[in-house]
Amino acid sequence: MRRDTRRKVFLSVRHALLSLWLLISILPIYWMVTTAFKLPEQWYTWPPTWFPSPPTLENFYVTWMGYQMIPRPGVVLPTINLDPLLALGNSVVIAGSATLLSVAIGLLLAYGVSRYQIIPEKRMFNLLILRMMPPIVIAIPLVIWYSTLRFLDTWHGMIIIYTITTIPYAAWMTKSFIDEVPEEMEQAAQLLGASKLRAFFTIVVPLIRSGIVATCMFILILTWSEYLLALVMTAADAQTMPVQLSKFEGASEGRLYGLQSAMSIGVTIPLIVIGILIHKHLVRGFSFGMIRRQ
Amino acid sequence: MGSIRLENLRKEFGGGVVAVANTNLTIEEGEFVVLVGPSGCGKTTTLRMIAGLEEPTRGDIYIGAVRVNDLEPGARDIGLVFQNLALFPHMSVFDNIGFGPKMKKVDPEERRRLVEDVARMVRIHPLLSKLPGQLSGGEAQRVALARTLITQPQVFLLDEPLSNLDAKLRKEMRAEVDRLHKELETTFVYVTHDQEEAMTLADRIVVMRDGHIDQVGTPLEIYHDPVNLFVADFFGSPPMNLLEGETHRENGAPSFRAGEFIVHLSGSVPEVEGPVTLGIRPEHMAVGDAGSAGDKDFSAKIVLVEPLGKDILLYLDYGSEKNLIAVVEGHRNFQTGAAVSVHLQQDRLYYFGADERRLRPAGAVRTAS
């Protein structure tokens with residue numbers, strides 16, 4: 001009985017802590033979603049308005065479809081310049097291309113290290129050290145370079161810099177998956193007449209498919225939400241969603257929480273949808289050990 | 001076509017480790033050769049060099065009349081069964097077996113026929129739609145064999161293929177491998193560290209140690225006429241009894257002494273004075289009751305009786321730290337602690353010098369070879 005009681009106490013404490021953590025994690029999201037449906041009068045109220053009454057779609061109309069806000073006494077109409085659809089398109093193209101490129105190059109690099117030691121395994125760590133440098137350090141020199149190359153505020157400029165900065169992660173993640181594929185499997189394929197390239201694509205790639213998908217998701221989240229480099233290296237044409245999101249503050253109108261929230265939802269939803277679509281791969285990819293040793 | 005010739009084959013790994021040292025070996029077409037030795041003796045490296053998965057540091061490899069050093073593994077017309085089988089876990093058994101023909105662009109209809117034929121041959125026909133993860137150890141083994149068989153290589157290489165199976169299954173698969181060799185009549189090179197597997201399967205055994213070949217011969221030659229202490233000790237279960245001591249001659253009568261322990265030797269004894277190791281196989285010792293009549297070389301005490309059914313193993317204390325093991329018929333009755341008399345078959349004694357080499361009596365002809 002005593003053991004049983006102890007177990008119950010332990011379980012309830014654990015549940016209490018987890019519930020608290022859940023609350024802490026979910027509160028900002030709850031706040032974002034509800035604020036998106038609030039009228040301007042409720043954005044700043046104290047005590048806070050926990051539930052929008054009446055809920056309105058006005059914020060979505062204004063941010064996403066370019067409508068003017070309904071004039072109200074005491075509320076200054078915002079004069080900010082938004083182009084969320086362009087920014088969304090930019091984000092999709094830049095983050096998407098950079099992710100695919102980064103994972104493709106990272107995968108080849110990881111394969112070379114794992115099978116042919118093109119970089120000694122010990123030196124693989126140096127790749128990560130690259131990432132320990134604060135991005136702000138490279139931001140300014142990069143702007144100078146990019147302006148010479150006329151890469152500023154372009155898709156290819158952003159794709160290149162995002163690809164380069166995420167390759168270390170892609171290589172590290174995919175290498176751990178490749179290491180799990182016994183070399184004998186490729187050798188068996190080669191002995192049966194497959195070329196090295198063919199063995200890579202028919203044996204290694206299908207076996208680590210879940211790992212590759214998980215890596216893509218990870219890199220996509222990184223590039224999708226990157227702010228600093230996007231801020232200094234884009235202006236109008238190639239501006240991405242995170243930069244747009246920072247525009248909701250004006251001198252006269254203050255912070256426009258409702259509009260910002262409405263846009264935030266649009267930024268978040270694509271990632272959530274992709275996450276749900278590939279969730280089977282994510283579970284397998286992140287839990288490793290997917291290849292059963294015989 | 002399927003003969004293999006290794007000439008001065010050498011493999012060094014980084015750090016000056018010599019895995020295989022200047023090996024010469026000729027394997028005839030259709031022969032079943034087993035490379036055997038303790039782990040790290042270079043047998044797997046030799047096999048992998050034949051397969052083309054390791055590049056020799058020096059030396060030449062010929063398959064048939066062709067020097068294959070510069071050929072890719074896939075171009076050498078060999079098949080290799082890996083120790084861990086290396087089945088492709090994401091492909092069905094059918095696709096695993098059909099992988100070779102697919103790479104050779106055999107059309108799907110023909111491929112299906114080939115796969116079904118070879119699957120029938122190794123009796124896995126009902127399993128074709130399963131994934132490797134759903135197979136038992138023995139079934140996976142058969143799939144690995146089938147995947148290699150289907151390409152009809154002129155040389156079969158098998159790298160400890162049975163080491164992951166339990167004892168009963170291992171025996172069953174051993175017979176299966178033997179049957180396949182007899183059916184196919186191609187060259188088999190089989191690597192194992194299990195002397196029993198080597199004895200039962202091989203036409204010829206190649207005993208390797210530390211990158212060198214110690215002895216090449218038929219199983220019976222290896223068993224009855226080992227060239228050195230290592231080979232003698234490696235083959236046989238229970239192993240050969242080895243007694244360290246010295247030979248002496250008094251008035252021309254040779255004897256073997258190890259401390260207090262003395263055995264008078266008769267028959268042909270090598271002309272050596274000084275330290276020797278005396279070897280006798282457990283089945284070449286006769287054990288009788290202490291008081292019984294008959295030949296007796298020395299007395300001993302039974303420390304342990306291990307009945308195996310057909311035979312009994314007796315562990316005998318003869319006054320040294322190590323016990324002797326003798327095999328006697330299973331119906332006899334022995335008690336632990338009893339004193340017994342032991343007789344050695346003098347013509348079955350082996351003598352090894354301090355350098356572990358076999359010492360032969362002057363003028364003796366090698367018996368079996």
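Note on naming: letters A, B, ... go to the chains in the order of the sequence lines (proteins, then strands), and numbering restarts at 1 for each one. The basis for the numbers below is simple: all heavy atoms, side chains too, and nothing from hydrogens, waters or symmetry mates.
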Quiz item: With a distance cut-off below 6.0 Å to the six-membered ring centre and an angular limit of 45° from the axis, does B/R67 pair with B/Y62 as a cation-pi contact?
Solution: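 Not satisfied by the 6.0 Å and 45° rule.
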
Quiz item: Are A/R115 and A/F200 in a cation-pi contact, defined as NZ or CZ under 6.0 Å from the six-membered ring centre and within 45° of the axis?
Solution: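 Pair A/R115/A/F200 does not count as cation-pi.
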
Quiz item: Checking heavy atoms, do the side chain of A/T202, its backbone, both or neither come under 4.5 Å from chain B?
Solution: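 For A/T202, heavy atoms of backbone and side chain both lie under 4.5 Å from chain B.
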
Practice problem: Go through the atoms of B/I78 and report whether side chain, backbone, both or neither lie under 4.5 Å from a heavy atom of chain A. | Solution: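 Contact with chain A is through both the backbone and side chain of B/I78.
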
Quiz prompt | Heavy-atom proximity to chain A below 4.5 Å, by part of B/R147 | solution =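 When you check distances to chain A, atoms from both the backbone and side chain of B/R147 fall under 4.5 Å.
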
Practice problem: I would like to know whether B/Q141 and B/L85 meet side chain to side chain contact (heavy atoms under 4.5 Å, CB included); could you show each step before the answer? | Solution: CA-CA 7 Å; B/Q141 194 73 52; B/L85 306 185; 3.4 Å; yes

Quiz item: Do B/N96 side-chain atoms and B/F88 backbone N/O form a donor-acceptor pair below 3.5 Å?
Solution: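 A pair under 3.5 Å: yes.
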
Quiz item: Do the rings of B/Y190 and B/F32 sit parallel, tilted or perpendicular, given the 30° and 60° boundaries?
Solution: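 The arrangement is tilted - the two ring planes meet at 30° to 60°.
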
Quiz item: Among B/T148, B/L53, B/L80, B/T151, which has the most heavy-atom pairs under 4.5 Å with chain A?
Solution: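 The answer is B/L53.
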
Exercise. Identify which of A/E186, A/K196, A/E183, A/Q190 forms the greatest number of heavy-atom pairs closer than 4.5 Å to chain B.
Key: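 Result: the option with the highest number of such pairs is A/Q190.
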
